[in-house]
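Keep in mind that the numbers below use all heavy atoms, side chains included, and drop hydrogens, waters and symmetry copies.
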Amino acid sequence: MPDSMAKQLAGKTALVTGAGRGIGQGIAVVLASRGAAIAVSDITEAACAETVALIKSNGGSAIATVADVTSQDSMNAATERVLSEFGHMDIAVANAGVIGAPGYEDRLTYTEADWEMTYRVNVKGLSHTADAVIPHMKERRAGRIIVIASHGGRPPRGIKQRPGTVSMPYSTSKAAAIQFAHALAIDLALHNINVNCVCPGTLWTPMWEKIAVNTVRHDPALSGLKPRDVFARAIKASTPLGRGQTPEDIGRVVAFFASDDASEITGQALNVNGGAVMS
Ligand SMILES: NC(=O)c1ccc[n+]([C@@H]2O[C@H](COP(=O)([O-])OP(=O)(O)OC[C@H]3O[C@@H](n4cnc5c(N)ncnc54)[C@H](O)[C@@H]3O)[C@@H](O)[C@H]2O)c1
């Protein structure tokens with residue numbers, strides 16, 4: 001496997017939500033390449049299939065676990081399935097997220113549906129994922145929960161790069177995700193369960209494509225640009241290292257938080273964003 005730390009997570013198992021594509025897929029692939037058996041979780045079987053096939057084609061171990069993070073019952077059932085397949089769960093990565101409600105690309109200002117959907121998926125989805133796995137982790141007095149938030153949940157850097165307010169529910173939900181990780185870390189520390197948070201910066205995934213399409217539609221100065229060019233401009237304007245991140249960049253940091261090297265780290269939120277936001 002093309003990873004120099006192939007043994008780092010040998011014998012471990014991990015559930016990754018929203019793992020059918022984008023960042024979740026990158027996380028699942030990296031954790032698998034380091035020896036963990038992966039429960040690839042996403043909202044449909046079809047969404048899970050590509051990542052499962054990718055991991056298996058690299059010689060890794062993976063199962064599909066269809067689940068909707070907005071439902072506690074669904075996450076409980078997914079956890080039961082992982083435990084019956086793998087026998088135990090060491091790592092849960094709460095990655096599934098949405099930028100807004102359907103039609104986000106067309107809107108300049110947020111709607112009630114944007115607030116509802118970002119709250120249900122990006123905030124309640126975290127507690128549903130955590131609450132499903134916590135009883136098992138408490139019983140074993142071991143576990144790692146890793147929340148994927150965003151540097152968009154940090155205090156803004158003061159540059160308004162996009163028109164309108166349609167992204168406000170998303171940023172608010174990601175600030176909540178960071179705070180959720182802090183609060184959960186305190187609750188679970190006595191049970192020897194570490195909770196940390198990764199705040200990705202700017203990655204070209206279907207999510208960022210929606211942001212770029214929205215930006216082109218509403219900023220007259222950018223009319224005629226391709227969404228990918230808007231993405232490149234956003235990075236140039238905001239990122240000291242001058243490049244976007246890849247899903248595997250995020251996966252490697254998640255692997256670190258999941259590893260024995262991070263056993264004394266809990267309640268931390270780490271930007272992986274090329275320096276775009278430094279707090
Ligand atoms: N792309 C970026 O630049 C960026 C930056 C910072 C943070 N993030 C965060 O990283 C995470 C992944 O983002 P991405 O860019 O890969 O997004 P994406 O839209 O490409 O993928 C999101 C995945 O989550 C799944 N999902 C959505 N709703 C779900 C639900 N109710 N239950 C289960 N799965 C569900 C989707 O099916 C999809 O596979 C999100 O939490 C996002 O907020 C992304």
Side-chain angles (χ1 to χ4, degrees), residues 17-18 21-24 43 68-70 94-126 147-181 197-247 250 269 271-279:
T17 68
R21 69 183 192 205
I23 292 175
I43 204 155
D68 180 346
V69 300
T70 66
N95 163 79
V98 292
I99 186 72
Y104 166 94
E105 294 93 317
D106 302 323
R107 286 192 285 282
L108 182 60
T109 52
Y110 56 70
T111 62
E112 189 63 21
D114 291 313
W115 283 109
E116 279 290 323
M117 190 143 181
T118 51
Y119 181 71
R120 288 181 64 220
V121 180
N122 300 359
V123 184
K124 287 303 306 256
L126 304 177
V147 170
I148 306 302
S150 168
H151 72 171
R154 302 289 205 177
R157 64 212 130 187
I159 308 165
K160 182 145 172 68
Q161 292 185 331
R162 291 194 282 278
T165 58
V166 71
S167 297
M168 195 186 291
Y170 176 79
S171 307
T172 305
S173 74
K174 291 299 176 177
I178 294 167
Q179 183 60 15
F180 174 79
C197 180
V198 179
C199 299
T202 311
L203 294 91
W204 185 251
T205 66
M207 180 178 283
W208 223 98
E209 190 169 5
K210 285 184 185 169
I211 296 171
V213 169
N214 179 284
T215 308
V216 172
R217 286 190 184 154
H218 295 107
D219 188 342
L222 302 180
S223 84
L225 281 188
K226 292 193 173 66
R228 192 74 203 227
D229 297 330
V230 173
F231 174 76
R233 282 172 66 118
I235 290 165
K236 201 170 168 207
S238 66
T239 309
L241 284 180
R243 52 184 183 257
Q245 295 76 54
T246 66
I250 310 305
N271 294 333
V272 182
N273 67 348
V277 172
M278 296 192 177
S279 61

ask   = Do you know which two heavy atoms are closest between Gln245 and Gly274, and how far apart they sit?
value = NE2-N, 3.5 Å
key: Shortest non-hydrogen separation from Thr109 to Asp114 and the atoms involved   = O-OD2, 4.5 Å
Side-chain donor or acceptor of Arg154 paired with backbone N/O of Ser279 under 3.5 Å = yes
query = Rounded to the nearest 0.5 Å, what separation is found between the OG1 atom of Thr70 and the CD atom of Glu116?
reply = 11.5 Å
note = In short, Pro200 meets Ala149 closest at the heavy-atom pair CD-O, 3.4 Å
inquiry  = To check you understand the geometry: which heavy-atom pair defines the closest contact between Cys197 and Ala181, and what is its length?
reply    = CB-CB, 3.7 Å
task = Report yes if the side chains of Met207 and Ile23 come closer than 4.5 Å at any heavy-atom pair, otherwise no.
result = no
message = In the structure I gave you, are the side-chain heavy atoms of Ser173 and Phe180 within less than 4.5 Å of one another anywhere?
response = no
ask   = Rounded to the nearest 0.5 Å, how far apart are OH of Tyr104 and OG1 of Thr118?
value = 10.5 Å
query = What's the shortest heavy-atom distance between Ile178 and Ala269, and which atoms?
reply = CG2-CB, 4.0 Å
ask   = Is there a donor-acceptor pair closer than 3.5 Å between any side-chain N or O of Thr239 and the backbone N or O of Lys236?
value = no
task = Look at the side chain of Arg107 and the backbone N and O of Gly164, then say whether any donor-acceptor pair between them is shorter than 3.5 Å.
result = no
query = What are the two closest heavy atoms between Gly152 and Ser171, and how far apart are they?
reply = O-CB, 3.4 Å
request  = Under the side-chain contact (heavy atoms from CB on, under 4.5 Å) rule, what do Leu225 and Arg233 come out as? Steps first, then yes or no, please.
outcome  = CA-CA 10 Å; Leu225 281 188; Arg233 282 172 66 118; 3.5 Å; yes
query = Quick one: does Asn122's side chain get under 4.5 Å of Val98's, heavy atoms only?
reply = yes
query = With a 4.5 Å heavy-atom cut-off, do Val69 and Val121 have their side chains touching?
reply = yes
key: Sub-4.5 Å side-chain heavy-atom contact between Pro102 and Met117   = yes
key: Lys/Arg-Asp/Glu bridge criterion (N-O < 4.0 Å) met for Asp106, Arg217   = yes
request  = Output the distance between atom CG (Asn214) and atom CD (Glu209), rounded to the nearest 0.5 Å.
outcome  = 12.5 Å
ask   = Once you round to the nearest 0.5 Å, how far does OH of Tyr110 lie from CE of Met168?
value = 5.5 Å
request  = Check whether any side-chain heavy atom of Trp208 sits under 4.5 Å from a side-chain heavy atom of Leu203, and report yes or no.
outcome  = no
task = Check whether any side-chain N or O of Asn273 sits under 3.5 Å from a backbone N or O of Thr202 as a donor-acceptor pair, and report yes or no.
result = no
key: Spatial distance of atom OG1 (Thr205) from atom CZ (Arg21) [nearest 0.5 Å]   = 7.5 Å
query = Would Thr172 and Tyr119 count as having a side-chain donor-acceptor pair, cut-off 3.5 Å?
reply = no
Check: Ser238 side chain, Ala276 main-chain N or O, donor-acceptor pair, under 3.5 Å = no
